[in-house]
Structure formats: structure tokens, C-alpha cells
Amino acid sequence: ALANVAVQMIEWTTPIADVVAGFGESPALSFVLLRFLAVFPEQVKDGRNPVIFNRKIQLANYLEAASEDVLNLLHQFLNMASEPDAQMALLVAFRSWLTAGELPRDRLLTSPLVELAFEATNRPELFEAALATLAELVKYTTETGTEPGNEVALAVLDNSLALSPALAGVLNGDIEPGPLAEAIIRFFIDVGESYVVLAARGHEPALAAVEMVLAINCASTTSLQHVEATIMFWYLLAEEVNQLQSAKHTAAFAKTFQSLLASLVERAAYGPNADNESDEALFDFITFRTRLGSQMLRDICLGLSGHGVLAELCSILHGLPEVYHDEAGRLVGWQPIEALLFGINALASEVSAEENELLPGLLEWLTSLPLHERLSTSILIVFSSYARWLKYHPEQLGTIVEYTVELVSQPMVQEVAATTLKCICDDSAVYLGANFEQLGQMFLDALDGECSHLTRAELLRACGFVISEMEVEKA
């Protein structure tokens, strides 16, 4: 309440100095002062406070002018803060001023508050508060860049990496899931994002931070939400590596991106009990896959190239066991194949239309897989996504069109099959007109069966694309 009054009263021009004068003399009231120092900058920076514009400018200037005195004051409190509660309050106040972005950076390198924050990570009762403070310290000291001249940022990085046993404890299950584990994971993702420029240029400590973020992605104990939290980091790293335009730097991160790709494909696979999952769980999973495909896989393409990612996915695909039906007639082993097809579909725009090494054999092999609703749907979506590629490889059309037309008669996938056929006919109509009698008969056979209105409409559009490219006499 006192901090809010200090923000609102235009006449109160020196609130910090006045509160220090009123409460700083009494050790018993030191907690009140520390609480005020923690809350005041938060209130100043809170855009929801109904403060007139001139007062906002006045307060912003006041925070900047008072920063040196506040840092000195916090140092004085540190000499008196021997109890955990006092040190906790001191860390909270320090963090608040880091978040406000007002402390003098050149003094942080020698500030005993930084030393306190790192030492406090060795004390369970202070660990979370210390970690939150260090997270703000990392962001604050790297805002001006992470060049070799920024000694504060480099020192913070070295000390942050010393906390890696805490991350290992989370990833191997020694630290149970909960707020503490979440804070540790978030901290190391923040460290990675803050030092990504140094990492892209091969700075060893920053590369160690990359490995820690990769470990978060690959660990079986982390969730889909943790993987999503790393999206920005991988985007920043891929952009930095790509901008360097250096074969040396790209090659240095090849294994990192390959490991990331393998872990993402594993995450993208449906579970063995996918059919029994709740609608909410399936929605969350599909939403995750959509973000994974639209963002992370394309970021990896910046590091490995579209063809490189396709080659990696095909290599993983070739190493999978064959699918088979169990005694109950259920298809076994379809999940990892479907996950790989999801990835192959996501990078369609990154693969050259001239690619002639991997896709011909892959697409033909897909037509040999047994019918399964989710697997067959993914196969058809791949054919749709690569319809542009088929335009430049008409020798592949016969097998794929025949396979797709056959699936129109399967109720579980008929609408997807019809849409796929429309996409193929749209791009390759000029090649399909010569065999329209055979193609037309396949259409008629499909239409004679039980089809939805959407299926019939898509098939008619497909026919229309082909007929529009035929000679008038033949059409």
C-alpha cells in the first residue's frame, strides 16, 4: 500500500529516501523497508496503474537516479542479513530492481549480492528465490549483448553453468516434478536464449548451455510443455547459425540438430493408447504437433537444410521394424512411422522440386503400407503436400493416383483421399488427361459407392482440373 501511495502522489518526489529515513534506522523495521524496495519498482513499471503520463516519466527518471543509492543500501542490508528470512527478502528486492532494469551493470561484477544469489542455491530454503533472482540477472546482464567485453555477462554464464547438477537432478528424476523442477528447467532455457549469439560462434561455455537445452528436449522425464518452452531458443540458434553463412559453424551444430530432430520425432508419435485418450488430451497433443511442425522442424531446416532433414527422417524410417497385425487384428508399430510422416509433411515447402534421391522410393513404399485410419491419413496428407513435387516427376503419378482412388472407397479416410486426389489433379492435370478414360472410370466407381457430399464435391473438382487441360475434342 505504501509503494502504491508513493507512485500515485505527484507531490512525493523522493519516496525511497523518505522511507529509508523513516524505517532504515530500526533493525526491527528493516523488513518493511526491504518490502518497500521490492514492491516500489514493480508498481512503477506496472502499466495497469492509473498514473498520469508526466508522473510516469518523473518516476522512471527517479528510479534511474536512485539506482546507485539503492544498490548501496542493499549492500548495507547484506552485512546485517544473516538469517534466511532476511536474505530471502534481500534477494526479492534485488530481483525486483533487476527486473525493473535500473541497476548499474558495471557494478554488478563485484556486487556481493550476485555472490549471495549463487551461494543461496546451495541452501534448500533459499534455492527457489535465488534461482528466480539469477534468471533475472542473466536477462539483465545480457540485454546489452554478450560480446567478450561484457565481463559481467560472461561471469554470470560461468556461474550459471555450475548449477547444472540441479538440472541433472530434474532430468534423472531425483527432483520430483513441481514448482522447483519447473523453475530449474525455465532457468536453463533462459540461459540458453540469453547466450545464443555466443553459442553460434562457438564459445565453449555457451555451447554447454546448448547441450543443457538439448538435454531438456531429449529427457524422458520432461513434458511436451517443456519442449514447447524451448521453441524460441532453437529458433534463435538456427537463425544465428544461418546468418553466419559459414560451413564450419553449420557443421559444428549438425549433430545437435540431428539429436533434436530424433527427439522431436519421438515426441510426435501417438502413444500406444491413443484411441482411449480423452478429447482434451488429444487436442493438446495435436496442438503441440502443429507448433512442432510449423516452427521447430522448420528451424532445424535452417541448420541442416530441407534435404538434410528429409534424409535424417528417411534414415530413421529405414531403421524401424516392419508393421504387422497382432492376433486381435490391430496394426502394431504404426506410431513411429506416422510420426515420421508428420515430419516429412511439415517440411514439404523446404524440399526442392528437383529432389530425386529420396522421395521416389519413399512415396512408392508408402503405397505398400496396410490400411489404418491415422497412418493412411498421414500418407494421403504427404501426397497432398508433395503434389507440387509430383508435377515434376510424372512417372510417380500412376501408382500414387491409383492408391489414392482406392482409398476413396474406404469410409475412414475417403474425404482425405478425395481432397488428396483434387490436389494431385490440380498440379498434374496436364499429365493425367491422356489416361482420362481409366481415371474417369476410377472416379465413377468411387462415386457409385457410399460417399459424403464433401467427397463427391472434391472428386468432381479433381475431374474438372483434368478436363480443363484436355483438348476440346477429347474433353
Side-chain angles (χ1 to χ4, degrees), residues 189 192-193 196-197 199-202 207 210-211 213-214 216-218 224 227-269 286-320 336-363 366 378-379 381-393:
I189 295 174
E193 291 178 3
V196 72
V197 175
R201 286 159 175 76
L207 288 175
V210 174
E211 291 301 314
V213 179
L214 179 62
I216 292 171
N217 283 92
C218 297
L224 299 184
V227 174
E228 283 193 274
T230 68
I231 286 177
M232 179 56 69
F233 167 77
W234 293 112
Y235 165 75
L236 294 172
L237 180 62
E239 283 285 334
E240 286 293 333
V241 173
N242 190 55
Q243 287 177 12
L244 290 173
Q245 296 292 319
S246 166
K248 175 184 176 182
H249 287 94
T250 302
F253 286 97
K255 288 186 177 180
T256 298
F257 284 120
Q258 288 167 357
S259 298
L260 175 64
L261 180 61
S263 71
L264 293 181
V265 168
E266 188 174 342
R267 298 272 191 179
I286 291 171
T287 301
F288 163 76
R289 293 218 313 180
T290 301
R291 292 196 67 190
L292 185 153
S294 63
Q295 297 180 50
M296 295 187 78
L297 285 175
R298 293 188 180 182
D299 293 339
I300 295 174
C301 287
L302 291 176
L304 295 178
S305 78
H307 184 271
V309 175
L310 180 63
E312 283 296 316
L313 293 176
C314 288
S315 176
I316 298 172
L317 192 61
H318 292 153
L320 295 176
I337 296 177
E338 192 277 339
L340 286 162
L341 295 183
F342 169 81
I344 291 169
N345 170 60
L347 59 91
S349 62
E350 306 292 334
V351 178
S352 169
E354 299 177 358
E355 204 290 320
N356 202 33
E357 177 186 348
L358 301 167
L359 285 176
L362 171 65
L363 298 186
L366 292 179
S378 291
I379 293 171
I381 292 174
V382 167
F383 291 162
S384 295
S385 298
Y386 286 87
R388 179 183 61 90
W389 180 87
L390 288 170
K391 176 181 179 180
Y392 297 95
H393 301 268

Do [X] and [Y] make a side-chain contact, defined as non-hydrogen atoms from C-beta onward lying under 4.5 Å apart?
{"X": "Leu261", "Y": "Leu297", "result": "yes"}
{"X": "Leu214", "Y": "Thr230", "result": "no"}
{"X": "Val196", "Y": "Phe233", "result": "yes"}
{"X": "Leu366", "Y": "Leu363", "result": "yes"}
{"X": "Met296", "Y": "Val227", "result": "yes"}

Under the side-chain hydrogen bond (donor to acceptor under 3.5 Å, both in side chains) test, residues paired with [X] that sit two or more places apart:
{"X": "Thr256", "value": "none"}
{"X": "Glu228", "value": "Arg291"}
{"X": "Arg298", "value": "none"}

Next on the checklist: Under the side chain to side chain contact (heavy atoms under 4.5 Å, CB included) test against Leu304, which residue among Leu260, Leu310, Val309 passes?
Outcome noted: Val309
Work out which heavy atom in [X] is nearest to a heavy atom in [Y]; give both atom names and the distance.
{"X": "Cys218", "Y": "Arg267", "value": "C-NH2, 4.5 Å"}
{"X": "Ala200", "Y": "Leu244", "value": "O-CD1, 3.4 Å"}
{"X": "Val351", "Y": "Arg388", "value": "O-NH2, 3.2 Å"}
{"X": "Leu362", "Y": "Cys314", "value": "CD2-SG, 4.2 Å"}
{"X": "Val213", "Y": "Ile189", "value": "CG2-CA, 4.3 Å"}

Next on the checklist: Around atom OH of Tyr235, are there more than 12 heavy atoms from other residues, nucleotides or ligands closer than 6.0 Å?
Outcome noted: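 No, not enclosed.
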Checklist entry - Quick one: does Ser315's side chain have a donor or acceptor within less than 3.5 Å of a partner on Ala311's backbone? => result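 Side chain of Ser315 to backbone of Ala311: no pair is present.
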Next on the checklist: Assess, by modelled atom type and distance only, whether the side chains of Asn217 and Ser263 contain a donor and an acceptor separated by less than 3.5 Å.
Outcome noted: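 Not at all, the side chains of Asn217 and Ser263 share no donor-acceptor pair under 3.5 Å.
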Checklist entry - Angle class for the Phe253/Phe257 ring planes (parallel below 30°, perpendicular above 60°, tilted otherwise)? => result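 Geometry flag for Phe257 against Phe253: tilted rings.
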Let me confirm one number: the [atom1]-[atom2] distance from [X] to [Y], rounded to the nearest 0.5 Å.
{"X": "Leu236", "Y": "Ile231", "atom1": "CG", "atom2": "CD1", "result": "12.0 Å"}
{"X": "Ile316", "Y": "Glu266", "atom1": "CD1", "atom2": "CD", "result": "9.5 Å"}
{"X": "Trp389", "Y": "Phe383", "atom1": "CH2", "atom2": "CZ", "result": "10.0 Å"}
{"X": "Ser352", "Y": "Glu357", "atom1": "OG", "atom2": "CD", "result": "12.0 Å"}

Checklist entry - Partners of Glu355 by salt bridge (Lys or Arg N to Asp or Glu O under 4.0 Å), sequence neighbours excluded? => result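 With neighbours one apart ignored, the set is empty.
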Checklist entry - With sequence neighbours excluded, what pairs up with Glu193 under the salt bridge (Lys or Arg N to Asp or Glu O under 4.0 Å) test? => result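 Expected list: Arg186.
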Which pairs of donor and acceptor atoms, one on a side chain in residues 338-349, lie under 3.5 Å apart (sequence neighbours left out)?
from   : atom 1 : to     : atom 2 : distance (Å)
Glu338 : OE1    : Arg289 : NH1    : 2.9
Glu338 : OE2    : Arg289 : NH2    : 2.9
Glu338 : OE2    : Ser378 : OG     : 2.7
Asn345 : OD1    : Ser385 : OG     : 2.1

